[in-house]
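Inspection log for the structure reproduced underneath, given as structure tokens.
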Amino acid sequence: MKKDSGNSDFLYIGRKIGEWYRNNARDLPFRQTKDPYKIWICEIVFQQTRINQGLNHYNNFIERFPDVKTLAEAEENEVLLYWKGLGYYSRAINIHKAAQQIMNDYQGVFPSRYEEILKLKGVGKYTAAAVSSICFNGKMPAVDGNFYRVLSRLFADDFDISSSKAFSYFSELAQLVMPENVGDFNQAMMDIGSEICKPKNPLCGECPLNEDCLAFATQKISDYPVKTKKVKAEDLALTYYFVHRNGQFLIRQRGDDFIWKKLFEFPAAIPAGMQPFIVGSKTITHKLTHKNLSIEIFNVEVTSEKFWNDFITENQYLITDVEASHKKSFPKPLENYIQNSLKD
DNA sequence: GAAACGTGGTG
DNA sequence: TCACCAAGTTT
């Protein structure tokens, strides 16, 4: 199909999508507002995250941080706490910095122009387009994985979505179908992409575009989108020491490099020559996108008060207990380990 | 511009 | 079981 006609041959498709949205939009918490703060937060929360997975985090986050000022004035660790278990933790760090940007550079008023929204930490072209179109009648398509999938099937287009040029390519494709109301169009594409035009087993019978979809017409839906690059996960072994005494245990905060940015963890080493009492060890496997983790955790019960005090002082570890640890953000496997330690 | 970055659902 | 993938951004 020729798509470079440069006219509005496909505009009726975008209008159909908008019409479908106004009758079929999902009823989600952030669909009842045009508050750019809330739309921004929801766009960040749901990056690479399914609705069911992030909905509680979104609601809890908005309840605790209802506006830009509250978020900007919060401690970074509390923002991370509300992100616990959600993954991609730099999102929480960036969201906090962006709130401070809005306070400092925009007098606390959320910027309305795409180019200004794009300057916020953690906001890329997708999020800037989504917020500006939903809240401020902006005209940029919010091109994400849903756009890639829906458009590549609609036009039976074999452009490689794992190519670095995919964003600009599908942005131009989106321009062919995009109607006047870009906000509704963008949100419609999210709903169609996630509920109907799913990666596996798409519900083509319910799709408002099934009469227009070239992949459906040729029964080649499973051929699209084309994706050539695969992520390869490497093995990585981690060692931790769950060092505890009288119901308390030791933790420290990670740096903002590598995985699990600024989350808390257990000591990764014990000093040579100081032999504490090791009860045993447990090995946990945990998959990240590009790492297969094998985490061995030694259960170290410290009987010597002197060892305990020296160990803490020399290494500047923090002392906590199971109850207090609920107020800190841990990686999922360590969070699970702490919960299970209650059963001992 | 390629690689890094979490977690959980799905077939 | 396990590879794939989900409302991307940063470096």
Side-chain angles (χ1 to χ4, degrees), chain A residues 25-26 28-31 38-58 80 83-95 97-98 117-131 133-134 141-150 160-168 170-171 183 185-195 197-202 222 225-234 236 254-263 284-293 295 329-336:
Chain A
R26 283 178 290 176
L28 299 167
F30 40 86
R31 285 282 168 77
K38 293 194 178 75
I39 299 299
W40 166 52
I41 297 298
C42 103
E43 292 303 338
I44 303 296
V45 165
F46 293 107
Q47 283 172 9
Q48 305 291 284
T49 304
R50 288 184 174 79
I51 292 295
N52 285 341
Q53 188 181 354
L55 210 45
N56 286 338
H57 282 87
Y58 170 79
L80 282 164
W83 216 264
K84 176 150 73 170
L86 200 51
Y88 285 159
Y89 299 98
S90 60
R91 289 184 293 176
I93 296 166
N94 286 333
I95 225 172
K97 288 178 179 166
I117 299 172
L118 191 56
K119 291 179 182 172
L120 300 174
K121 290 280 187 194
V123 172
K125 287 182 277 193
Y126 161 78
T127 302
V131 175
S133 68
I134 294 170
V143 178
D144 65 346
N146 291 312
F147 271 67
Y148 292 177
R149 190 169 54 258
V150 173
D160 183 1
I161 67 164
S162 58
S163 156
S164 60
K165 295 184 172 66
F167 183 87
S168 60
F170 286 100
S171 294
F185 172 71
N186 284 337
Q187 295 181 93
M189 291 291 277
M190 301 175 201
D191 278 13
I192 292 172
S194 57
E195 300 290 291
C197 196
K198 300 182 294 182
K200 302 280 178 61
N201 300 333
S222 59
V226 172
K227 185 178 184 179
T228 61
K229 294 178 186 167
K230 317 286 183 188
V231 287
K232 55 177 183 296
E234 294 185 342
L236 178 65
R254 295 180 60 83
D256 62 0
D257 58 337
F258 202 37
I259 61 174
W260 295 329
K261 297 185 197 335
K262 297 214 175 177
L263 298 198
I284 301 167
T285 60
H286 184 78
K287 284 182 178 299
L288 307 183
T289 302
H290 59 287
K291 291 235 180 332
N292 295 325
L293 300 181
I295 309 170
S329 194
F330 287 88
K332 201 64 178 177
L334 301 190
E335 175 80 5
N336 292 341

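None of the values given here were measured: they were computed from a predicted structure.
A:F30 comes within 4.0 angstrom of a nucleotide base, judged by non-hydrogen atoms across all strands. Nucleic acid contact for A:Y89: sugar-phosphate only, since backbone atoms but no base atoms lie under 4.0 Å from a heavy atom of the residue. Among the atoms of the strands shown, only primed sugar atoms or phosphate atoms (P, OP1, OP2) are found under 4.0 Å from some heavy atom of A:S164. When heavy atoms are screened at a 4.0 angstrom cut-off, A:G85 is found touching the sugar-phosphate backbone but no base atom. Across all strands, A:L288 comes closer than 4.0 Å to base atoms (heavy-atom distances). The residue A:I161 sits apart from the nucleic acid: no heavy atom pair falls under 4.0 Å.
Heavy-atom nearest nucleotides on DNA chain B were determined for A:N201 and for A:K332, and the one closer to the 5' end corresponds to A:K332. Nearest-nucleotide positions on DNA chain B place A:K287 closer to the 5' end than the other of A:K200 and A:K287. Comparing A:Q53 and A:L120, the nucleotide of DNA chain C nearest to each residue sits closer to the 5' end for A:Q53.
Remark: P of C:dA7 and CG of A:N186 are 13 Å apart, rounded to the nearest angstrom. When rounded to the nearest whole Å, the span between CZ of A:R149 and P of C:dC5 equals 9 Å. Between the CD1 atom of A:I95 and the P atom of C:dG8 there is a distance of 14 Å, given to the nearest Å. As rounded to whole Å, 9 Å separates atom P of C:dT9 from atom CG of A:L118. Nucleotide C:dC4 holds its C1' atom 14 Å from the CG atom of A:N292, rounded to whole Å. Here C:dG8 presents its C1' atom at 14 Å from CZ of A:F147, a figure rounded to the nearest Å. Rounded to a whole Å, the NZ atom of A:K38 is 19 Å from the C1' atom of C:dA7. Separating the NZ atom of A:K291 from the C1' atom of C:dC2 is a distance of 19 Å, rounded to the nearest angstrom.
Side chain of A:R31 to backbone of A:A25: no donor-acceptor contact under 3.5 angstrom is found.
A search for side chain to side chain contact (heavy atoms under 4.5 Å, CB included) contacts involving A:A92 returns A:V79, A:L80, A:W83, not counting sequence neighbours. Remark: A:E335 pairs with A:K84, A:F330, A:Q339 by the side chain to side chain contact (heavy atoms under 4.5 Å, CB included) rule, at least two apart or across chains. Applying the side chain to side chain contact (heavy atoms under 4.5 Å, CB included) rule to A:K291 yields the partners A:L236, A:F258, A:L288, A:L293; only residues at least two apart in sequence or on another chain are considered.
For the C1' atoms, the distance linking C:dC5 with B:dC5 amounts to 15 Å, nearest Å. As rounded to the nearest Å, C:dT1 and B:dG8 have C1' atoms that lie 16 Å from one another. Using C1' as the reference atom, B:dG6 and C:dC4 are 15 Å apart when rounded to the nearest Å. Rounded to whole Å, the C1' atom of B:dG11 lies 23 Å from the corresponding atom of C:dA7. Nucleotides C:dG8 and B:dG1 have their C1' atoms positioned 15 Å apart, rounded to a whole Å.
Residue A:K230 has its side chain nearest to C:dC4 when only C:dA7, C:dT10, C:dC4 are considered.
The outermost nucleotides of DNA chain B lying under 4.0 Å from heavy atoms of chain A, listed 5' to 3', are B:dG1 to B:dG11.
Look at A:K227 and you'll find a side-chain N or O under 4.0 angstrom from OP1 or OP2 of C:dC5. Contact annotation: A:R31 does not reach the phosphate of C:dA7 (side-chain N/O to OP1 or OP2, under 4.0 Å).
In A:K287, the NZ atom is not crowded: 12 or fewer heavy atoms of neighbouring residues, nucleotides or ligands sit closer than 6.0 Å. Residue A:K261 places its NZ atom among more than 12 non-hydrogen atoms of other residues, nucleotides or ligands, all under 6.0 Å distant.
Rounding to the nearest 0.5 angstrom, the gap separating the NZ atom in A:K121 from the CD1 atom in A:I95 is 14.5 Å. The distance from atom SG of A:C42 to atom CG of A:L55, rounded to the nearest 0.5 Å, is 10.0 Å. Summarising the geometry, atom OH belonging to A:Y89 is positioned 8.5 Å from atom CH2 belonging to A:W260; distances are rounded to the nearest 0.5 Å. If you take CD1 on A:I284 and CG on A:N336, they are separated by 7.5 Å, rounding to the nearest 0.5 Å. Rounding to the nearest 0.5 Å places CG of A:D256 at 11.5 Å from CG of A:L263.
Residues from residues 39-52 of chain A that place a heavy atom under 4.0 Å from any atom of DNA chain B, listed by number: A:Q48, A:T49, A:R50. For the segment residues 121-130 of chain A, the set of residues with a heavy atom within less than 4.0 Å of an atom of DNA chain B is empty.
Contact annotation: the side chain of A:E195 approaches that of A:R26 to within less than 4.5 Å [non-hydrogen atoms, C-beta and beyond].
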What's the verdict on side-chain hydrogen bond (donor to acceptor under 3.5 Å, both in side chains) for A:R149 and A:N146, showing C-alpha distance, side-chain angles and the deciding distance?
-> CA-CA 5 Å; A:R149 190 169 54 258; A:N146 291 312; 2.8 Å; yes
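A:R91 contributes no side-chain N or O that forms a donor-acceptor pair with the base of C:dA7 under 3.5 Å.
The ring of A:F147 has its center no closer than 6.0 angstrom to the ring center of A:F167.
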